[in-house]
Amino acid sequence: MMNQIELSVPYDNGYEPDDYMMQEDEWDRDLLLDPAWEKQQRKTFTAWCNSHLRKAGTQIENIEEDFRNGLKLMLLLEVISGERLPKPDRGKMRFHKIANVNKALDFITSKGVKLVSIGAEETSAKEGLLLWCQRKTAPYRNVNIQNFHVSWKDGLALCALIHRHRPDLIDYAKLNKDDPLGNLNLAFDIAEKHLDIPKMLDAEDILNTPKPDERAIMTYVSCFYHAFAGAEQAETAANRICKVLGVNQENEKLMVDYERLASELLEWIIRTIPWLENRVPEKTMLEMQRKLEDFRDYRRMHKPPKVQEKCQLEISFNTLQTKLRISNRPAFMPSEGKMVSDIASAWQGLEQAEKGYEEWLLTEIRRLERLDHLAEKFRQKATNHETWAAGKEEMLTRKDYESASLMEVRALLRKHEAFESDLSAHQDRVEQIAAIAQELNELDYHDVASVNQRCQSICDLWDQLGTLTQKRREALERTEKLLETVEQLFLEYAKRSAPFNNWMEGAMEDLQDMFIVHTIEEVQTLIAAHEQFKATLPEADAERQAILGIQQEVLKIFQNYGIRGDLTNPYSTITTEEIAIKWDKVKKLVPQRDSLLQEELARQHANERLRRQFAAQAHLIGPWIQARMEEIGRCSMAMGGTLEDQMTQLKQYEHVIVSYKPNIDRLEGDNQLIQESLIFDNKHTNYTMEHIRVGWELLLTTIARTINEIETQILTRDAKGISQEQMNEFRSSFNHFDRKKNGAMDSDDFRACLISMGYDLGEVEFARIMMLVDPNTSGIVSFQSFIDFMTRETADTDTAEQVIASFRILAADKPYILADELRRELPPDQAEYCISRMPPYTGPGALPGALDYTAFSTALYGESDL
């Protein structure tokens with residue numbers, strides 16, 4: 001395009017055309033050169049001169065004739081150099097022409113051009129042109145350029161050069177090596193018609209000469225080099241823009257992916273936290289255990305993938321920021337509420353809710369277990385008391401003493417005394433029933449209404465019995481004065497049988513009492529108490545024999561003295577048969593109690609084994625996790641090898657850690673057995689499953705984050721051209737001034753580090769540097785921030801000015817560019833990317849559809865608000 005424009009504008013140097021058109025008589029000269037070679041040289045040079053003189057609206061036909069007066073020679077030099085030569089002499093005398101030729105030769109000499117011999121510069125230019133031809137034609141079959149003579153005879157080399165830069169002009173696949181004449185003429189015709197390169201050579205001359213003229217070929221080929229130089233420059237500019245746009249498109253995709261992943265993770269956390277914060281208790285143990293199982297499913301199946309997503313999100317964010325920093329782009333600022341810190345904060349809230357929910361579940365299960373135990377105990381005691389109290393109110397309201405004899409009244413009085421003794425013995429039982437009901441109220445038992453109703457009925461009846469007992473006693477005591485005969489044996493039987501009967505009932509109740517324990521020691525305490533109870537059985541049996549002996553003595557008296565009448569003890573309702581039945585029941589309950597206690601002891605031993613088994617595994621896994629954390633820390637700060645060596649070591653650590661996961665799963669299984677066995681403490685270890693989980697998740701996060709940091713350092717090193725020695729020097733300096741060995745330097749240590757590396761720091765300069773490495777003003781400089789600063793100080797980067805210069809080349813020095821130009825020079829996707837984002841150009845001389853590439857380029861590097 002540029003060549004066509006130049007040809008359409010007449011050349012004007014301010015002189016009259018006639019000054020250059022004057023002819024001179026023919027000069028004589030010696031014909032010292034070979035005629036064929038001289039003819040070829042003359043033809044080639046004539047065509048070359050005319051390719052330039054056409055720009056000035058003239059040409060030559062014969063070199064000797066047309067350059068003899070020096071006028072057209074001076075015009076040729078002005079066209080080539082773009083400079084004005086001294087005004088030519090207008091005379092037609094020989095000395096005028098010599099003067100003009102000398103002016104041309106002086107101008108050539110002033111530009112450093114040697115007119116004789118072949119210097120090193122010309123040899124270097126020849127080698128450079130040859131290398132350019134070889135590089136451009138390397139992919140083409142049947143082309144092997146080694147020189148500027150025989151390598152060009154078949155015409156394929158010229159066709160390959162044209163096809164390489166303008167594939168639309170030649171179908172190279174259809175060319176035939178056996179048709180050199182056709183190939184040469186095709187190349188000459190296309191070059192003259194489409195590339196504005198004059199036909200300096202004849203195909204027949206090249207073919208008929210064993211070794212074509214080297215200078216002629218070089219001159220002709222150099223025209224191709226100059227014709228395609230602009231295309232080379234445009235290609236370089238287009239490649240630069242494609243590279244910049246490719247980086248920008250990739251970064252935008254990473255930003256979109258981060259926003260999507262962050263949104264999905266935050267939505268999951270927001271949905272999950274209310275479920276974990278729902279602390280509405282269930283009424284039964286089965287329903288609460290179902291909640292616990294749902295929580296375990298969440299821990300095993302739903303949360304682990306989200307842990308991986310969170311880790312991947314942090315890695316993606318760090319990688320994106322590193323790529324933006326390396327490519328001189330502004331840092332990525334996620335949408336509000338989607339920063340890595342926001343996600344970490346939300347995750348912390350999730351784990352706090354999770355911990356609280358688990359503690360609440362276990363507490364509720366304990367509470368329900370306690371409630372079930374108390375409720376059953378209340379029912380047993382209430383049933384026993386109600387059985388005992390049945391009919392007592394009716395008995396106390398009888399008035400049988402009004403028509404009884406003295407003996408009968410006395411018997412009623414003694415019987416009433418025995419009842420009072422029995423009533424007093426039941427006082428503790430009623431108080432126990434009330435205490436259990438009160439505890440069920442305090443623990444919010446779900447059926448507390450029926451418990452309260454039953455307890456109230458028992459208490460009301462107890463008060464009523466107390467009142468009726470007092471009234472009956474008063475009535476009997478009034479009648480007692482009328483009675484004289486007392487049956488001492490019956491009375492003694494009644495007094496001794498009632499407490500013994502109460503003891504047997506209490507023993508049966510204790511032997512059937514439910515118990516709940518959590519340790520071997522508690523079971524052993526119950527066993528010891530049971531053994532003490534069994535030790536009292538001989539004494540109780542002796543008392544039973546004594547009570548039965550009283551009844552036997554009554555029988556003897558009746559037999560010996562012939563007493564007739566009812567042998568029923570008027571003072572007691574407790575018969576010897578009842579005592580025998582209850583005593584037999586006590587003897588049966590004792591071994592049953594033994595069996596239950598031994599079974600509970602075995603269960604507690606099993607629980608103890610579970611505790612010890614969990615502790616043994618936890619004492620292995622906990623230190624193992626800590627050891628791996630220390631190894632990762634040492635590896636990340638090591639300087640013995642390359643970053644690739646560190647990456648290999650970390651990948652090995654990562655494989656070891658992933659392979660260790662079955663141990664964590666086994667410990668989770670032991671922990672589940674412990675929870676299912678309702679074991680709530682473990683004196684053999686300070687580790688809990690929560691500690692192990694947190695340590696494991698921290699280990700996974702640490703290895704992933706450390707690998708990402710090393711990948712970031714490798715990316716930074718490769719992108720910035722930093723050598724391994726420089727990276728080792730940076731790490732050595734950082735490690736030396738990391739005095740606390742916590743992977744960071746405070747501001748004073750950082751200043752000392754910079755001074756040790758040759759920085760001359762004033763307060764203002766140091767404050768500027770601190771703003772770069774510590775934008776949050778935390779007073780701490782991490783290793784990654786230190787590396788980023790040092791790479792910015794030592795490496796070259798792309799700039800907005802370079803991109804603007806590249807666009808200016810594509811736009812042919814215009815301050816704007818057109819959509820057609822972008823589509824012609826750039827790949828389709830990146831051309832459309834630019835067209836959709838470039839603002840319209842509003843400067844002077846803008847054409848319709850003109851685009852502002854300057855504003856677009858500055859926006860890529862965050863230097864404008866576009």
Self-check item: Derivation and outcome, side chain to side chain contact (heavy atoms under 4.5 Å, CB included), residues Lys381 and Glu509
Solution: CA-CA 8 Å; Lys381 288 185 175 294; Glu509 184 175 334; 2.4 Å; yes
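- Relative orientation of the Trp388 and Trp462 rings is tilted, given thresholds of 30° and 60° on the angle between their planes.
- Counting only distance, with no hydrogens or angles, the side chain of Ser595 and the backbone of Pro591 share no donor-acceptor pair below 3.5 Å.
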Practice problem: Evaluate side-chain hydrogen bond (donor to acceptor under 3.5 Å, both in side chains) for Glu676 paired with Gln672, printing each intermediate quantity in order. | Solution: CA-CA 6 Å; Glu676 290 173 352; Gln672 181 173 347; 3.0 Å; yes
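- With respect to the salt-bridge test (charged N to carboxylate O, under 4.0 angstrom), the residues Glu287 and Arg290 do not qualify.
- More than 12 heavy atoms of other shown residues, nucleotides or ligands fall within 6.0 angstrom of atom CG in Asp463.
- Asn441 places a side-chain N or O within donor-acceptor distance of the main-chain N or O of Ala437, the cut-off being under 3.5 Å.
- Listed here is the closest heavy atom pair of Tyr357 and Asn278: CE1-O, 3.6 Å.
- The minimum heavy-atom distance between Asn502 and Ala425, with the atom names listed, is ND2-CB, 3.2 Å.
- Ionic pairing of Arg398 and Glu394 is present here: one or more N-O contacts between side-chain nitrogen and carboxylate oxygen are shorter than 4.0 angstrom.
- Between Gln604 and Gln524, the closest side-chain pair of non-hydrogen atoms is not below 4.5 Å.
- Expressed to the nearest 0.5 Å, how far CD1 of Ile458 lies from CG of Leu465 amounts to 11.5 Å.
- Side-chain contact between Asn671 and Arg693 is present, with heavy atoms from C-beta onward closer than 4.5 Å.
- Ile664 contributes atom CD1, which lies 9.5 Å from atom CD of Gln617 (distance to the nearest 0.5 angstrom).
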Quiz item: Checking side chain to side chain contact (heavy atoms under 4.5 Å, CB included) for the pair Met514/Lys377: CA distance, chi angles, key distance, verdict?
Solution: CA-CA 7 Å; Met514 296 177 62; Lys377 191 172 184 179; over 6 Å; no
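- Atoms CD and CG, from Glu277 and Leu350 in turn, are 9.5 Å apart once rounded to the nearest 0.5 Å.
- Nearest heavy atom pair, residue Lys338 against residue Leu266, reads CG-CD1, 4.0 Å.
- Both tests hold for Arg628 against Trp624: distance to the six-membered ring centre under 6.0 Å, angle to the ring axis within 45°.
- In terms of heavy atoms, His302 sits closest to Trp268 at O-CZ2, 4.0 Å.
- Looking at Thr397, its side chain does come within 3.5 Å of a backbone N or O of Glu393 through a donor-acceptor pair.
- Side-chain contact between Val523 and Ile527 is present, with heavy atoms from C-beta onward closer than 4.5 Å.
- Between the His530 side chain and the Leu526 main chain, no donor and acceptor come within less than 3.5 Å of each other.
- A salt bridge does not link Lys355 to Glu690: none of the charged side-chain nitrogens sits closer than 4.0 Å to a carboxylate oxygen.
- Checked by atom type, the side-chain pair Gln312/Gln308 shows no donor-acceptor distance below 3.5 Å.
- Using a cutoff of 4.0 Å between basic side-chain nitrogens and carboxylate oxygens, Lys310 and Glu314 are scored as salt-bridged.
- Listed for the Gln512 side chain is a donor-acceptor partner under 3.5 Å among the backbone atoms of Met508.
- Ring geometry for Phe533 versus Trp503: interplanar angle under 30°, hence parallel rather than tilted (30 to 60°).
- Environment of CD in Gln453: sparse, with no more than 12 heavy atoms of neighbouring residues, nucleotides or ligands closer than 6.0 Å.
- Under the 4.5 Å side-chain criterion, counting only non-hydrogen atoms from C-beta, Leu698 is in contact with Met629.
- We find that Arg612 and Glu608 are joined by a salt bridge, their nearest charged nitrogen and carboxylate oxygen being less than 4.0 Å apart.
- Here Glu293 contributes atom CD and Tyr298 contributes atom OH; the two are 15.5 Å apart, rounded to the nearest 0.5 Å.
- Distance CD/Glu600 to NE2/His605: 11.0 Å, rounded to 0.5 Å.
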Practice problem: Apply side chain to side chain contact (heavy atoms under 4.5 Å, CB included) to the pair Asp594 and Val590, showing each step before the final yes or no. | Solution: CA-CA 6 Å; Asp594 281 330; Val590 168; 4.2 Å; yes
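- No more than 12 heavy atoms of other residues, nucleotides or ligands sit less than 6.0 Å from atom NZ of Lys495.
- Within the 4.5 Å cutoff, the side chain of Met689 has heavy atoms near those of the Phe614 side chain.
- Between the side chain of Arg603 and the main chain of Gln598, no donor-acceptor pair closer than 3.5 Å is present.
- Within the 4.5 Å cutoff, the side chain of His385 has heavy atoms near those of the His426 side chain.
- When all heavy atoms of Ala346 and Ile269 are compared, the closest pair comes out as O-CG2, 3.7 Å.
- For the side chain to side chain contact (heavy atoms under 4.5 Å, CB included) with Arg544, the lone residue among Leu537, Ile579, Val586 that qualifies is Ile579.
- Between the side chains of Lys415 and Ser572, not a single donor N or O lies within less than 3.5 Å of an accepting N or O.
- Defined by atom type and a distance below 3.5 Å, a donor-acceptor pair is missing between the side-chain atoms of Gln432 and Asp428.
- Aromatic ring orientation, Tyr687 versus His691: perpendicular (interplanar angle above 60°, classes split at 30° and 60°).
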Practice problem: Go through the steps to decide whether Asp460 and Gln456 satisfy the test side-chain hydrogen bond (donor to acceptor under 3.5 Å, both in side chains), and finish with yes or no. | Solution: CA-CA 6 Å; Asp460 292 344; Gln456 188 62 45; 2.8 Å; yes
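- Checking side-chain atoms of Tyr493 against main-chain N and O of Gly549 turns up no donor-acceptor pair under 3.5 Å.
- A salt bridge links Arg299 with Glu358: the distance from a Lys NZ or Arg NE/NH1/NH2 to an Asp or Glu carboxylate oxygen falls below 4.0 Å.
- Between atom OG of residue Ser497 and atom CD1 of residue Ile574 there is a gap of 4.0 Å, rounded to the nearest 0.5 Å.
- Between Arg454 and Glu386, the closest side-chain pair of non-hydrogen atoms falls below 4.5 Å.
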Practice problem: Could you give me the CA-CA distance, side-chain angles and deciding distance for Val658 and Lys661, then say whether side chain to side chain contact (heavy atoms under 4.5 Å, CB included) is met? | Solution: CA-CA 6 Å; Val658 172; Lys661 180 64 165 56; 5.6 Å; no
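- Panel note: side chain Arg593, backbone Asp513; a donor-acceptor pair is recorded below 3.5 Å.
- Nearest heavy-atom pair across Thr685 and Ala618 is OG1-CB, 4.5 Å.
- Side-chain atoms of Ser424 do not come within 3.5 Å of backbone N or O of Glu420 as any donor-acceptor pair.
- Side-chain contact between Leu610 and Asp670 is absent, with no heavy-atom pair separated by less than 4.5 Å.
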